[in-house]
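Working notes for the structure below.
From a predicted model like this one, the values you see are computed outputs, not experimental measurements.
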Amino acid sequence: MAEKGEQSLENGGEAALTVVEGTVKSVVFHNEENGYTVLHVEVPSEFELARAPEITVVGRTQAVWEGEEVKAEGQWVTDKVHGRQFRADTLTCVAPRSLKGIELYLASGLIKGIGPVLAKRIVNTFGEETMHVLSHQSARLAEVPKLGAAKIRQIRESWRKNETLRENLIFGQTYGISIAKMTKIVRRYGPDAIAVIKANPYRLCRDIWGIGFATADKIALSVGISPDSPLRARATISYALEAEAEDGGHCWTCESDLLLHANELTGIPVETLADALKEEVAAGVVVSRDGRLALRSLAASERIVARHVRDLLSAPRLFAAFDAEKAIEWWQARAGFTLAATQRTALERSLQSKFSVITGGPGVGKTTIIRALVEIYGVKRLKVVLAAPTGRAAKRMTESVGAQARTIHRLLKWNPATNTFTFDADNRLEGDVFIFDETSMIDVNLAADLLAAIPPTASVVWVGDTDQLPSVGPGSVLGDLIKSGVVPSTRLDLIFRQDASGLIVRNAHHVNAGEPLEIRRGEESDFYFLACRDPQKCLALAIEFMTERIPRKFGMNPLEDVQVLVPMRRNLLGTDSLNAALQKALNPRGDGLVRGGTTFRVGDRVMQLRNNYDKDVFNGDIGFVKAVSPEERTMVVTFDGRPVKYDSGDLDELVLAYAMTIHKSQGSEYPAVIVIVHTQHYVMLQRNLLYTALTRGRKLVLLIGVPYAVDQAIKTNAVRERRTALASLLADRRGCEDVGPAAGKSPQAG
């Protein structure tokens, strides 16, 4: 093997374009997300300009293992930190041909069951034929001395899987799909993954979390699907509707808006898209009613919710009705205080109604009503079931009410074998009364699954704050239940939870009313505002208060008790930047696993980004990294003390969580929150966003930012209303008729 071309290294400058070839001795670094790779490559002695038998090659490739032969085209450079290296514009890796390379390749750990000693025995047995034997004559492994039948089966299976994996990884590299995502694709589609993708690349959008329409569309065009093909047009229609649900929370849209959006996405003529829309409607993927277009799954979910709410309202109770007034008097005597008029109304309606809603901001007594219901029903020996959308909300409900609460997902019990919840319309939950908290977070798909599983004879109480941010998923279930006028609802507005110095609750209500914040200068308080215009200074202040000043003054643990909240991910004051800075301040050392630009280390606080039913971990769950294995590329994260293992293909489901977006903090409370509001966040500044942020703090809220930006957030109440049909379906019984099974509906979307 030899070098081609000439180069110059005068003054450490870049060399002319050249090609080097050699054998990969070790993979120093490999980023599975973007393919960035650092290799130590052994080159032949005739390779004069290498100056050493081993060189460093830097470039990008998705699949590379020790022992492979590599061809690199690029330039020699002198790096200021790492010295002389070959920077490759292109890297091509092929199976090894030399005996030494084959032995190194087999001993690299790629093939399960083969270590350095066995690799040498196999190469000694087959020589240059080794790769051919393993690929086409693997039964001949019986010729290797001291190699038993069980070990041969393991090696044959591992070799077959890795040949398929390599082919898939190279295919993924061609289209910019990372190793982690390609591994998920192979896990989903099996050995025929490439054939499945080529037949219909748009399946990737629905089936593989983290792969969007743009990537699928790029693959489709690359494998020969016509830009104006019906397949592409229909996929664009479905994606445009899904984007409406994902980005805006809408359950339906009108035809003209849909066609224009689809046209902007791909440039497919509107006429072609209109024909594709008709095909999607005919196939039942899209539902058209009264000029409204919706994905069948969403239309079905709204009707399921409406039907079950009406069934609950009309069905008789399993237990005998009792005197609500006497029950309330009994509870007040037991509790030692008298309920306010609106609290009493809320409690009375909840006791008398099969389905009721209680709404209101912080400190207005919602938890008091839940506690009263639990105690009253408990005396009647009725089974009360408590649940909330997130683990933290369920934990808080347990602590404040004094009775065990679970997350909705764990209540319904996911069954991996059937890919559905265990409890559903055919296998109902057991219970007499079901009370759900933080219901503003429940989207229409989860609401459909939940209500279908509740026995119609039970009573249901839905508790939440309609002024908080709406659910991340589509729909506006809590608001629609109230808007329909069908479900008895009570709004609590009198503030109870405050003391002489407490400003958190007062300021939350000030924000909700569009009023200026109340600040007490020079006094001890639970609410502070630091005016700061320079983004760098805001960042420095957030780090200083989280790591030093709040722990010192209030005795709080920065990792467990203090949470930084911001409106968005990007820019200097976004979660990406803040997490990197806070990790550096709080947990800077130790081995870690790298994904993209993030290094996960033992001790890091992390957050789950999607519902993973196999792991029993859900979107928004917070955990701590307890163990990292860089060699095996695995990590163990504990969620409420429960260990969960992640391999390299799952790391894209986690992000650092020293800082998080306000949207992701919904349903959670923290002893202390640091909220940053800056003009950098201008496009996101809304009243309900700031209101939600302030209500996350239980003992302390520190607001850092530009006064003008805070004022704009308080003044801006132009919340875009979601396009939903649930309220009208509830009001019109005829609208509750089913549209059929929710085709394509998957709880993974949550």
Take atom [atom1] in [X]; do more than 12 heavy atoms of anything else shown fall under 6.0 Å from it?
| X | atom1 | answer |
| --- | --- | --- |
| Arg533 | CZ | no |
| Glu246 | CD | no |
| Lys25 | NZ | no |

Report yes or no: does [X] contribute a side-chain atom to a donor-acceptor pair with the main-chain N or O of [Y] at less than 3.5 Å?
| X | Y | answer |
| --- | --- | --- |
| Arg696 | Thr692 | yes |
| Thr439 | Ile442 | no |
| Asn507 | Glu518 | yes |
| His509 | Pro362 | yes |
| Asp561 | Pro671 | no |
| Asp89 | Gly74 | no |
| Lys615 | Lys645 | yes |
| Arg87 | Trp76 | no |
| Asn579 | Tyr658 | yes |
| Arg601 | Asn587 | yes |

Task: side-chain contact (heavy atoms from CB on, under 4.5 Å) against Lys626, all qualifying residues, sequence neighbours excluded - done: Phe624, Thr638

TODO: Could you tell me which residues satisfy side-chain contact (heavy atoms from CB on, under 4.5 Å) with Arg687, sequence neighbours excluded, listed by chain and number?
DONE: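 Arg687 satisfies side-chain contact (heavy atoms from CB on, under 4.5 Å) with Val511, Asn717 only.
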
Open item on the list: Asp465 vs Tyr691, test: side-chain hydrogen bond (donor to acceptor under 3.5 Å, both in side chains). Steps then yes/no.
Closed with: CA-CA 11 Å; Asp465 186 351; Tyr691 173 77; 2.5 Å; yes

How far apart are the closest heavy atoms of [X] and [Y], and which atoms are they?
| X | Y | result |
| --- | --- | --- |
| Ala387 | Met397 | O-SD, 3.7 Å |
| Leu582 | Met546 | CD2-SD, 3.7 Å |
| Leu703 | Phe529 | O-CD1, 3.1 Å |
| Ala542 | Leu578 | CB-CD2, 4.5 Å |
| Ser440 | Gln468 | OG-OE1, 4.0 Å |
| Leu586 | Pro588 | C-CD, 3.7 Å |

TODO: Could you check Gln536, Gln680, Met568 and say which one makes a side chain to side chain contact (heavy atoms under 4.5 Å, CB included) with Leu573?
DONE: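 So the option named by the test is Gln680.
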
Open item on the list: With side chain to side chain contact (heavy atoms under 4.5 Å, CB included) as the test, pick out the partner of Leu690 among Asn512, Ile662, Val677, Leu685.
Closed with: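 So, applying the side chain to side chain contact (heavy atoms under 4.5 Å, CB included) to Leu690 and each of Asn512, Ile662, Val677, Leu685, only Val677 qualifies.
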
TODO: Enter the distance from Leu700:CG to Leu503:CG here, rounded to the nearest 0.5 Å.
DONE: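 If we round to the nearest 0.5 Å, Leu700:CG and Leu503:CG are 11.5 Å apart.
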
TODO: Measure the NE2-OG1 distance between His663 and Thr661 for me, rounded to the nearest 0.5 Å.
DONE: 7.0 Å

For a quick check under 3.5 Å, do [X] and [Y] share a side-chain donor-acceptor pair by atom type?
| X | Y | answer |
| --- | --- | --- |
| Asp604 | Gln583 | yes |
| Asn611 | Asn619 | no |
| Glu653 | Gln608 | yes |

Under a 4.0 Å N-O cut-off, is there an ion pair linking [X] with [Y]?
| X | Y | value |
| --- | --- | --- |
| Arg549 | Glu544 | yes |
| Lys184 | Asp652 | yes |
| Asp526 | Lys699 | no |
| Arg610 | Asp650 | no |
| Lys395 | Glu669 | no |

Task: Arg396/Glu438 under salt bridge (Lys or Arg N to Asp or Glu O under 4.0 Å): CA gap, chis, key distance, verdict - done: CA-CA 11 Å; Arg396 192 173 73 250; Glu438 294 286 358; 2.5 Å; yes

TODO: Classify the ring geometry between Tyr646 and Phe639 as parallel (under 30°), tilted (30 to 60°) or perpendicular (over 60°).
DONE: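 Aromatic pair Tyr646/Phe639 classed tilted.
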
TODO: Evaluate side-chain contact (heavy atoms from CB on, under 4.5 Å) for Cys532 paired with Leu541, printing each intermediate quantity in order.
DONE: CA-CA 9 Å; Cys532 177; Leu541 283 171; 4.1 Å; yes

